Visitor: 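First the structure, then my questions, so here it is.
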Amino acid sequence: MAEDTSKVPIEMVRNIGISAHIDSGKTTLSERILFYTSKIHAIHEVKGKDQVGATMDFMELEREKGITIQSAATYCMWKGFNINLIDTPGHVDFTIEVERALRVLDGAVLVLCSVAGVQSQSITVDRQMKRYKVPRLCFVNKMDRAGANPFRGIQMLREKLRHNAHLVMYPIGAEDQFQGVVDLVQMKAFYFDGDNGEKIREEAIPADIKGECEKYREELISAAAEFDEVVGEKYLGGEEISVDELRAAIRKGTLSLQLTPVFVGSAYKNKGVQLLLDGVTYYLPNPSEKENIALDQNNNEAEISLKSEPNLPFVGLAFKLEDGRYGQLTYMRVYQGQLKKGEFIVNSTNEKRVKVPRIVRMHANEMNDVETAKAGDIVALFGVECSSGDTFTDGTIKYSMTSMFVPDAVISLSVQPKDKSGETNFSKALNRFTKEDPTFRVHRDEESNQTIISGMGELHLEIYCERMKREYNCEVVVGKPQVAYRETIQAKGTFNYTHKKQTGGSGQFGRVAGYLEPLPSDAVLQYEFVDEITGGVIPRNFIPAVDKGFKEAIKEGRLIGFPIVGVRCVINDGAYHAVDSSEQAFKTAALMAFREGYERATPVVLEPIMKLEVSAPEEFQGSVMGQVNQRRGVIVNSGTSDGYCVIEAEVPLSEMFGYSTDLRSATQGKGEFSMEFQKYSPAPRNVQDELVKKYQEKKAKEAAGK
C-alpha cells in the first residue's frame, strides 16, 4: 500500500538529492534511508553477494558495474515529513544527471568519504550546487574504514570548497572502534543497536570526549550566532541557548548558503543515518522557502517569482525523460498550482496542448498512481511527449523556467549496427537516448557517411553502446574515438576580398575588407562580429549577410576541419554594385575573405585538456607519475595521506584512451581515477603537424573518390 502523501502540508515536504564523488557511498546511504523509513524491508548492498542489488541501482548495468548511471527518484515518510529523494551518479561522465536533479531540488546532502575527504568529483558537484543555489548538509560517511578522519574532511570542506562547515555530530571512536555519535545540539550520545542499527539508544556523553564535544559545540554556536539575533545576543551574554533556538539559527545559516552543518556516520554499518534524516527535516528548506524564477514570455521575459501555492496557475518543469514499459515517462517538478489526472496542460516551448492520462510517484522503478500533484511535488507523467527541460503551464499564462546547464561534448565515436537487420532498432535507440540525455549527441558525417555519437567521456559512450545491445538487441561496431579539437588564431590577419561573378543577366559582386584578431582567452563568446563600416561603402542591408558568411566560415577550420573559436571579425571597408550586389554575393565574399585572413593570422589547433585526479597506494606513486608524464600530462599537485597518494594533473584527452587498463596494471588494480574537461589549449607543434597531415590525406582521398 503506497502512503498517501497528498495530505502532507508543504512545510513538511523536503526535495533532496544525494550527491558525491564516485564510491563515497551515496547509493548505500539511500538504501539505508529507505530501510529506516520502512520503504523497503531488507537492505541490499550495491556490490553484494545477494542477487538483488541496491533498490536505487535498478538498471542491470548499474548492478554489474557497481556504479549509478541514472539518477533514481523515490519518496519516503520520516516522522510525518514527506521526503522526495534523488540518488545521483558520482561519475563525471553522467554529470547531466546531477545537473538536472539539482535544478529541481530544494536541498542536497553532499556525501564525503571520511578517508579521502573532498575529491575531484565533490568539487564538481559542489560547483553544481552553487550554480543552482542549493542549500546543503554534509555527511562524512565510512567512519568505520581504516584511516577515517572526519576532522580532515571538515578542513578540506573549508579549504577546497570554501564552506563555512561545522560539526553538528561528533564521532564516538573511529575505524573499527566507531560506535556512535554525539549530537552537539542536544549534547547527548546516540548508539545504534540491533542487526540493522534500527534501535537507537540515547546515553550521556562518554567522559573522555566530553571536553572535545563542548569545544565543537561552542564553535557551532559561535557560527550559528551570525545568522540569528536571539542566539547572537544570548551567546554574547553567556546565557544558555535552547535546542530549538540553536536549530533555528543553524537552519537560517544553511538556507542562506552561508553555513554547512556536518554529520558523521557509516551508512554501511548502519550508524548515524537516522540523525541525518532528522537533520534534513530540521535544516533543509521546504519547497516554499526556495525562490524559483520563471520568465514571462508575454512580457519580454520579465522575471516572475513562482509561489508554491495550489490555487495559482500551474507551472511545472519536465526535467528528465525515460523510456518505460508503457511509453515515455516524464519526470516533472511542480513549482506552482496543481496538476490533476485527466487535465490538459500546455507545453510552453511548442504551445502544444496535451492531456495528462496518468500521474505516478516513483519509487526507483516501481510506480504508485496518484490523482493530484501539487506545488513542491516531484512526480512522473505518462503519455506526455516533450523534451528534457520543457516548461508546462495550464495555458492561462506563458512562463518558461530557465533550463539546466548542458556542458559541451568532449569525445566522439563512430558507430554502426553489426548487421543490416539491426538498423531500425539502432535508430530507435539513438532517438531515445538523445531525447533522454542532452549531453549525448548524434550526427551524421556527410563525408564518410558514418553515424557519430558524442558525449562526456569513454564510459559515457561505452554505456550507451552496451545499452543498445541489451535493450534493443542491436550489436554495434565502434570506430576509433575522436577528440573534439578546435582551431583558433594567434595573431591579427587582414583581408581584402572581391567576389565577382559574371553570368548572363545580373552577376554577383561584393568586396569585403578588414581584419581578424584573437579574442581574449577569458571571453564568454567564441565569435564576435564588429561592424566599422562608414560612409555606406557596404549598404546596411548587406551587413547581416557578411556576418552570416563569417559564421559559415568558422564552422570548419582550414587546418583540420574542426570549428574555429575565439575570433573577432572586424570589417572596415568594402564596395558594392548597384545591380550585381546581393546578400548571397556578400555572404560568399565574407566566407572567402575570412579564409584569406585566417591564413595570415597564425592559425593553431586547440586540444581539450582534462583535469585528472588519480589516487593509488603510495608504493605506486612513481609509476603513476611516470604514466601521467608519458601522456603529456602536467602534474599540478600531489600529496599523500594514510598510505594513499593523490595526484592532480592536466592531461590532453587524446592521450587518455585506454588509461584505465594501464592504471590498473600499474597499480595491481588498486588505483582509481576521475577526469573532467578543464579547458582548450594549443596542441604542440608535432601533434598539430600530424593532425594537419592526416586531414589533408583525408581530403585528397575524398577528392580522388569524387
Side-chain angles (χ1 to χ4, degrees), residues 8-9 11-14 16 33 36-37 77-83 106-107 109 135-140 143 150 154 163-172 179-193 197-265 271-286 289:
V8 177
E11 296 73 45
M12 296 183 80
V13 173
R14 296 287 180 273
I16 64 160
I33 288 175
Y36 296 129
T37 55
M77 297 295 289
W78 178 253
K79 298 185 177 175
F81 283 82
N82 170 23
I83 299 176
D106 305 319
V109 177
R136 79 290 257 172
L137 312 177
C138 178
F139 182 64
V140 179
M143 278 301 301
I154 284 206
H163 279 220
N164 178 13
H166 289 276
L167 278 179
V168 287
M169 298 285 152
Y170 186 90
I172 304 171
Q179 297 160 12
V181 295
V182 172
D183 179 345
L184 297 178
V185 176
Q186 303 178 59
M187 285 304 270
K188 286 176 182 160
F190 291 92
Y191 298 90
F192 304 88
D193 303 333
E198 67 277 18
K199 299 188 179 105
I200 303 174
R201 175 163 50 93
E202 189 182 303
E203 303 230 336
I205 298 172
D208 57 337
I209 57 168
K210 197 159 176 32
E212 281 291 291
C213 289
E214 279 165 356
K215 180 186 116 186
Y216 278 99
R217 183 174 203 261
E218 183 76 10
E219 276 185 24
L220 177 66
I221 293 174
S222 154
E226 304 270 321
F227 304 100
D228 188 293
E229 284 177 16
V230 177
V231 172
E233 281 170 17
K234 285 193 170 182
Y235 175 62
L236 291 173
E239 294 174 53
E240 192 55 45
I241 293 161
S242 75
V243 168
D244 288 347
E245 285 168 343
L246 181 52
R247 276 185 189 147
I250 297 171
R251 182 183 176 85
K252 280 182 190 163
T254 310
L255 296 196
S256 70
L257 307 180
Q258 306 291 315
L259 179 71
T260 305
V262 181
F263 293 73
V264 296
K271 290 181 168 57
V273 178
Q274 297 96 319
L275 298 183
L276 173 68
L277 276 168
D278 288 341
V280 165
T281 65
Y282 293 139
Y283 308 127
L284 287 181
N286 70 53
E289 288 174 302

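None of the values given here were measured: they were computed from a predicted structure.
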Visitor: Within the distance-only criterion (no hydrogens, no angle test), does the side chain of Arg201 pair as donor or acceptor with the backbone N or O of Asp193 below 3.5 angstrom?
Guide: no

Visitor: Check whether any side-chain heavy atom of Met77 sits under 4.5 Å from a side-chain heavy atom of Met12, and report yes or no.
Guide: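 Result no, sub-4.5 Å side-chain heavy-atom pair not found.
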
Visitor: If you apply the rule side-chain contact (heavy atoms from CB on, under 4.5 Å), what do you find for Val168 with Phe263, and how did you get there?
Guide: CA-CA 6 Å; Val168 287; Phe263 293 73; 3.6 Å; yes

Visitor: Rounded at 0.5 Å granularity, tell me how far CG in Leu277 sits from CD1 in Ile33.
Guide: 5.0 Å

Visitor: Test side-chain contact (heavy atoms from CB on, under 4.5 Å) on Asp183 and Phe190; report intermediate values, then the result.
Guide: CA-CA 7 Å; Asp183 179 345; Phe190 291 92; 3.6 Å; yes

Visitor: Which pair of heavy atoms, one from Trp78 and one from Asp278, lies closest together, and at what distance?
Guide: NE1-OD1, 2.8 Å

Visitor: Would you check if Leu167 and Leu220 make a side-chain contact, meaning some heavy-atom pair closer than 4.5 Å?
Guide: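 They are not in side-chain contact.
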
Visitor: Nearest 0.5 angstrom please: Leu255 CG to Gln258 CD, how far?
Guide: 11.5 Å

Visitor: Starting from the C-alpha separation in whole Å, work towards a yes-or-no answer on side-chain contact (heavy atoms from CB on, under 4.5 Å) for Lys188 and Ile205.
Guide: CA-CA 6 Å; Lys188 286 176 182 160; Ile205 298 172; 5.8 Å; no

Visitor: Please report the shortest heavy-atom distance between Val264 and Pro171, naming the atom on each side.
Guide: CG2-N, 3.9 Å

Visitor: Would you name the heavy atoms of Pro135 and Asp106 that are closest together and state the gap between them?
Guide: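 Heavy atoms of Pro135 and Asp106 come nearest at CD-O, 3.1 Å.
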
Visitor: Quick one: pull up CD1 in Ile154 and NE2 in His166 and give me the separation to the nearest 0.5 Å.
Guide: 8.0 Å

Visitor: Verify, without hydrogens or angle tests, whether Arg251 (side chain) and Leu284 (backbone) share a donor-acceptor contact under 3.5 angstrom.
Guide: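 Here the side-chain-to-backbone pair exists.
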
Visitor: Taking all heavy atoms of Lys271 and all of Phe139, pick out the closest pair and write down the distance.
Guide: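 Closest approach of Lys271 to Phe139: O-CZ, 4.5 Å.
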
Visitor: Rounded to the nearest 0.5 Å, what separation is found between the CG atom of Asn164 and the OG1 atom of Thr254?
Guide: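 Going from CG on Asn164 over to OG1 on Thr254, the span is 9.5 Å.
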
Visitor: Please list all pairs meeting side-chain hydrogen bond (donor to acceptor under 3.5 Å, both in side chains) that have one or both residues in residues 221-233, counting only residues at least two apart or in different chains.
Guide: Asp228-Lys252

Visitor: Looking only at heavy atoms, what is the nearest atom pair of Pro206 and Tyr191, with distance?
Guide: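 Taking Pro206 first and Tyr191 second, the nearest heavy atoms are CG-OH, 3.5 Å.
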
Visitor: Throw together a table of side-chain donor-acceptor distances under 3.5 angstrom for residues 210-217, partners on residues two or more places apart or in other chains.
Guide:
residue, atom, partner, partner atom, Å
Arg217, NE, Leu184, O, 2.7
Arg217, NH2, Val185, O, 3.0

Visitor: Test side-chain contact (heavy atoms from CB on, under 4.5 Å) on Leu275 and Phe192; report intermediate values, then the result.
Guide: CA-CA 11 Å; Leu275 298 183; Phe192 304 88; 4.0 Å; yes

Visitor: Which value, rounded to the nearest 0.5 Å, describes the distance between Ile250 atom CD1 and Glu245 atom CD?
Guide: 12.0 Å

Visitor: Would a 4.5 Å heavy-atom cut-off, applied to side chains only, mark Ile241 and Ile221 as touching?
Guide: yes

Visitor: State, yes or no, whether a side-chain contact exists between Gln274 and Ile200 at a heavy-atom distance under 4.5 Å.
Guide: yes

Visitor: Please report the shortest heavy-atom distance between His163 and Thr260, naming the atom on each side.
Guide: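 Result for this residue pair: ND1-OG1, 3.0 Å.
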
Visitor: Counting only N and O atoms by type, is there a donor-acceptor contact under 3.5 Å from the side chain of Arg14 to the main-chain atoms of Thr281?
Guide: yes

Visitor: Could you tell me which residues satisfy salt bridge (Lys or Arg N to Asp or Glu O under 4.0 Å) with Glu218, sequence neighbours excluded, listed by chain and number?
Guide: none

